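A quick write-up on the structure given underneath.
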Amino acid sequence: MAGNESINELPKAYEPSAVEEKWQKRWVEGKCFSANPKSEKPAYSIVIPPPNVTGVLHLGHVLNNSIQDILARRARQQGKEVMWLPGCDHAGIATQVRVEKQLRETEGKSRHDLGRDAFLEKVWEWKDKHGGIIFEQLRRLGCSLDWERERFTLDEDYTEWVLDVFVKLFKEGYIYRGKRMVNWCPVSLTALSDEEVIMKPQRSKLYTMRYEIVDQPGEYFQIATTRPETLMGDVAVAVHPEDERYKHLIGKMVRRPFPAAEIPIVADDHVEMEFGTGALKITPAHDLADFEIGQRHNLEVIDVLTPDGKINCPGCPELHGLDRFVARKKAAAMLEEMGAIVKVEEHENNVGFSERADVPIEPRLSMQWFLRYPATEEAIAAVENEDITFRPARWKKTYSNWMENIQDWCISRQLWWGHRIPVWYRKEKSFELREAESLDVANLNAGDLHVGVEPPEDGDNWEQDVDVLDTWFSSWLWPFATMTKVGEKSETLKKFYPTTDLVTGPDIIFFWVARMIMAGFHFEKQLPFNNVFFTSIIRDIKGRKMSKSLGNSPDPLDLMATYGADGLRFGLMRIAPTGTDVKFDETQIEEGRNFANKLYNAVRFRLMQGAVSSFATVDPATLQLSPIHIDILAKLDQLEDDLAAAYGDYQFNAVTQALYAFFWTGYCDWFIEAVKGTLREDEASWMREATLWTMDTVLSRFLHHLHPFMPHITEELWETLGYGDGSPLMQTPLLADKVLDTFDPATVLQAKTTATAVFDSVGRARNLKAEYNLASNKNVSFVLDPAEGAVINDDLLATFSLLVGAKGTEVQEGYAAEKGTPTSLTPLGALYMPLDGLIDFDAEKKRIGKEIAKVEGELKKSKGKLSSPAFAERAPEAVVNTERERLAEWESKLAQLQEMLAALG
RNA sequence: GCGCGAUUAGCUCAGUGGUAGAGCAAUGCCUUGACAUGGCAGAGGUCACAGGUUCAAAUCCUGUAUUGCGCACCA
């Protein structure tokens, strides 16, 4: 599609959807995304942060994966062998919950009705049908993922890794089982890791209760609590040992209201004297601190809650079976009735919520598997000394703080969907072993325990642990477990591990990034990635987090339908800062679409000028390039430097900004408009040739540079223009040289100066026209009294007139303008706009007066600086000289303006 | 409580010591043979505040205020 005939077939506005679909298909069919481990090219690799198998695309994914795609496409252009590996994780809780819900709704059954094996079959069915929708959506976004390498954390090979790692760590003593206080989710019915608990401030009530002192009838002791419903589990009351108010009571007994019992007052340092009454009720079963106090004082642990958060206390029938929050109110009412409540106050406290179910977690004593983290020292050092570079660097501190206070990781989950813990108990001893206070590698020797990737051969004599492993316990192996089988060093691993970049959100720095680093060091003896780029978090325009419940999260597929995938990508990248959060506004995506349209129309304009010839092999020395041509080529060269610098710093918004400004302002607003005159059919062919060559040079290189951000449209236009040799743009390497490498630098500098002078003068002339309400009048003529040394010739004057929208511009040295002629000082000289008696003296005076005021302001600033002796003495010579030059310029400008004003009478 | 950020035009944000910037919105003009998803012009900012360092501070330092996030946590 080229040449004048077909141009009418091109619609006036770019229509992305068909184009995007076409290229997505062609890239995949052409295996353009496949990584070849046998390639001689240097490797570049990224593993995708695995989305949930239940996941659907949201804007966070769009940002994250756009960045990865940009890096991957840029690396390909730079001649790297690129592997960008896709996959997802099995999302234990989320997936199980979803399938259970479906089961309940369609069959009215629970997972227990089906049994473990049958239920898991259902989950796999669900996964095959609904899982991985997000990959279709990422294809829609244009992501150049190597689809043949898609991995899933429950794949056979991957599972073998997870189990193998468990066995190794157990045998090395890093994994153990123990009865501990854990974070229990009463809705998901499983233990969670500390990282899955989110502290939220809550408006609670602080109840102050009074308990009677046993051997001092009629005397009371006051205790403050927010959780009266756990009172039945109280086994003591604690005060600070130094608290003068209570010292004499330590060791005495108080009466617990219900079920009635006598419990001791103990002394413990943990108690804050200043808070509440300075006395703390001790419920070891339902609070970590209380549990520890209980341990110190040999107190009983009375569990009064069921796993799903109901009261379990037959001795207190009023509360037994009630939900914990209902019971809280009821317990308070009961206390009130008994006269045991002294006061109730509003109180804000922090409560831990389950990340998954968004309900308050319960600290619960239970038997769980824990991991003592391996390779922590290497992991800390690698980030500290920047073997692994964090961007932005400030996340280093967050990372090291966590790493240095690292706690053992609760890795067991009371779920069915996941990697079942590869531990078997000998049947005869199974009860005893399951109840054992602790279990670790030492127990292996007794022969009653089997820990292995394979089940024991005499399976009938053994029972497997019922729990599964935390999903993150599989994700932390992602960078290498996706590349090779256990015990092998695959070609892929050798070529692409460690990976080059990891792109992820700072919210999973502990969950995933830190753990991957430790796993990388421990199992592969190498860091897993060289760079970590932390993306921004996308919020709505009001700064709120995007969420389904708020309905403030636009569907990226809708956005792509409206603005195109390219528009969405570019718009989002343009506003994505490197540091903080980004506030999303749809108008920003609209800008992305508009930019695509601008590019499309600029290409459309090029096609209207005729077919592309073999511009790439033409030696520019054989062309007669004008300063306007050289100027845009110089800007192109500058753009390439700017891009290299911005990419080097992972400053993606700076890249988009540079691309945008170059193309829209530099190429479209100035260059195209300036050369339109050279494209007229009556113009000399050498002029036309020079312009077309410049356009093709700029467009072809620009399409290249824009490609990583807007892959579809650039690919389409590259083909339409016929710039390539038939292979896709995405596989065409960047040119190593700069356009103007072979040019004389003095010529280039002169051209830039001249073009800038013309453009700036155009601005002044347009302003003159606008001030006289002549902006659209093309019959205005100008007279230029040239400045000394200004480069002016007929071509440049014609360009000037064209850009200004003037009939013509005449050069007259020492021009004696009619009194009151509108004038402006320009880099090319004094510019006059003779109006044949239409002069508005007042308007002209006002206009010049305004300019004088501006110049005087600058003059004052400049003089102020130079008049300080310290400035001349201490500032670098270059700075002082520049300032002197500026002062001289302002002074001469002021003198001329004053002359003009005087001439008005 | 500790730590990390942010505060620049009406809005969203760039700007690492030397002439305050972009896009959008708002204003006026323009449907001109690429593009109204467009063009031209103008307006709009004591760079949160107070000190300090410096010849020179939006930029570096100290403090304050407001605000966001993370960690810890007093029931």
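Just so you know, these numbers come straight off a predicted model, no measurement behind them. Proteins get letters first, then strands, A, B, ... in listed order; numbering begins at 1 in each. Atom set for the values below is all heavy atoms of this structure, side chains included, hydrogens, waters and symmetry mates excluded.
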Could you check how far [atom1] of [X] sits from [atom2] of [N], rounded to whole Å?
X: Asp649(A); N: rG15(B); atom1: CG; atom2: P; value: 11 Å
X: Met695(A); N: rC35(B); atom1: CE; atom2: C1'; value: 13 Å
X: Met403(A); N: rA72(B); atom1: CE; atom2: P; value: 15 Å
X: Glu591(A); N: rU37(B); atom1: CD; atom2: P; value: 14 Å
X: Arg394(A); N: rC2(B); atom1: CZ; atom2: P; value: 20 Å
X: Phe663(A); N: rU37(B); atom1: CZ; atom2: P; value: 18 Å
X: Met199(A); N: rG70(B); atom1: CE; atom2: P; value: 12 Å
X: Met573(A); N: rG23(B); atom1: CE; atom2: C1'; value: 16 Å

Under 4.0 Å, counting only non-hydrogen atoms across every strand here, what does [X] touch: a base, just sugar-phosphate, or nothing?
X: Asn349(A); value: sugar-phosphate
X: Glu873(A); value: nothing
X: Leu280(A); value: base
X: Lys583(A); value: sugar-phosphate
X: Arg606(A); value: nothing
X: Asp669(A); value: sugar-phosphate
X: Arg539(A); value: sugar-phosphate

Under 4.0 Å: is that the gap between some side-chain N or O of [X] and OP1 or OP2 of [N]?
X: Trp664(A); N: rG38(B); value: no
X: Arg593(A); N: rU37(B); value: no
X: Asn594(A); N: rG38(B); value: yes
X: Asn767(A); N: rC40(B); value: no
X: Lys397(A); N: rG3(B); value: no
X: Lys676(A); N: rG39(B); value: no
X: His347(A); N: rA75(B); value: yes

Between [M] and [N], how far apart are the [atom1] atoms? Round to whole Å, please.
N: rC74(B); M: rU67(B); atom1: C1'; answer: 26 Å
N: rG28(B); M: rA43(B); atom1: C1'; answer: 10 Å
N: rC61(B); M: rU16(B); atom1: P; answer: 14 Å
N: rG68(B); M: rU54(B); atom1: P; answer: 37 Å
N: rU27(B); M: rC4(B); atom1: C1'; answer: 42 Å
N: rA14(B); M: rG45(B); atom1: C1'; answer: 15 Å
N: rU7(B); M: rC47(B); atom1: C1'; answer: 10 Å
N: rG10(B); M: rG70(B); atom1: C1'; answer: 32 Å

In the strands shown, is [N] matched to any nucleotide by a Watson-Crick or G-U wobble pair with both distances under 3.5 Å, and which?
N: rA20(B); result: none
N: rC40(B); result: rG28(B)
N: rU7(B); result: rA65(B)
N: rG70(B); result: rC2(B)

Which nucleotide, [options], lies nearest any side-chain atom of [X]?
X: Arg574(A); options: rG23(B), rU37(B), rA75(B); answer: rG23(B)
X: Asn601(A); options: rC40(B), rA75(B), rC35(B); answer: rC35(B)
X: Arg766(A); options: rA34(B), rA41(B), rA43(B); answer: rA41(B)

Ignoring hydrogens and angles, does a donor from either the side chain of [X] or the base of [N] sit under 3.5 Å from an acceptor on the other?
X: Asn350(A); N: rC73(B); result: yes
X: Glu673(A); N: rA34(B); result: yes
X: Lys12(A); N: rC35(B); result: no

Below 30° counts as parallel, above 60° as perpendicular, anything between as tilted: where do the rings of [X] and [Y] land?
X: Tyr660(A); Y: Phe570(A); answer: parallel
X: Tyr650(A); Y: Phe533(A); answer: parallel
X: Phe652(A); Y: Tyr647(A); answer: perpendicular

Self-check item: ring pair (Phe, Tyr, Trp, His ring centres under 6.0 Å) between Phe221(A) and Tyr211(A), intermediate numbers included
Solution: CA-CA 5 Å; Phe221(A) 182 80; Tyr211(A) 288 2; 7.9 Å; no
Practice problem: Could you say whether Ala870(A) or Val582(A) is positioned toward the 5' end of RNA chain B, judged by the nucleotide with the nearest heavy atom to each? | Solution: Val582(A)
Quiz item: In terms of the nearest nucleotide of RNA chain B, which residue is placed more toward the 5' end: Thr226(A) or Phe510(A)?
Solution: Phe510(A)
Practice problem: Could you tell me which residues satisfy ring-ring contact (aromatic ring centres under 6.0 Å, His included) with His286(A), sequence neighbours excluded, listed by chain and number? | Solution: none
Can a donor-acceptor pair be found between the side chains of [X] and [Y] at a distance below 3.5 Å?
X: Ser400(A); Y: Glu384(A); result: no
X: Glu885(A); Y: Thr882(A); result: no
X: Ser867(A); Y: Lys865(A); result: no

Quiz item: Could Arg515(A) and Glu195(A) be called an ion pair, given the rule that one side-chain N must be under 4.0 Å from one carboxylate O?
Solution: yes
Quiz item: Who pairs with Glu362(A) by side chain to side chain donor-acceptor pair (under 3.5 Å), at least two apart in sequence or on another chain?
Solution: Arg227(A), Arg324(A)
With the criterion being N/O to N/O and under 3.5 Å, what pairs connect the protein with nucleotides 17-21 of chain B, and how long is each?
{"residue": "rU19(B)", "atom": "O4'", "partner": "Arg886(A)", "partner atom": "NH1", "Å": "3.3"}
{"residue": "rU19(B)", "atom": "O2", "partner": "Arg886(A)", "partner atom": "NH2", "Å": "3.1"}
{"residue": "rA20(B)", "atom": "OP1", "partner": "Lys861(A)", "partner atom": "NZ", "Å": "2.9"}

Practice problem: Inspect the surroundings of NZ in Lys676(A) and state if more than 12 heavy atoms from other residues, nucleotides or ligands are less than 6.0 Å away. | Solution: yes
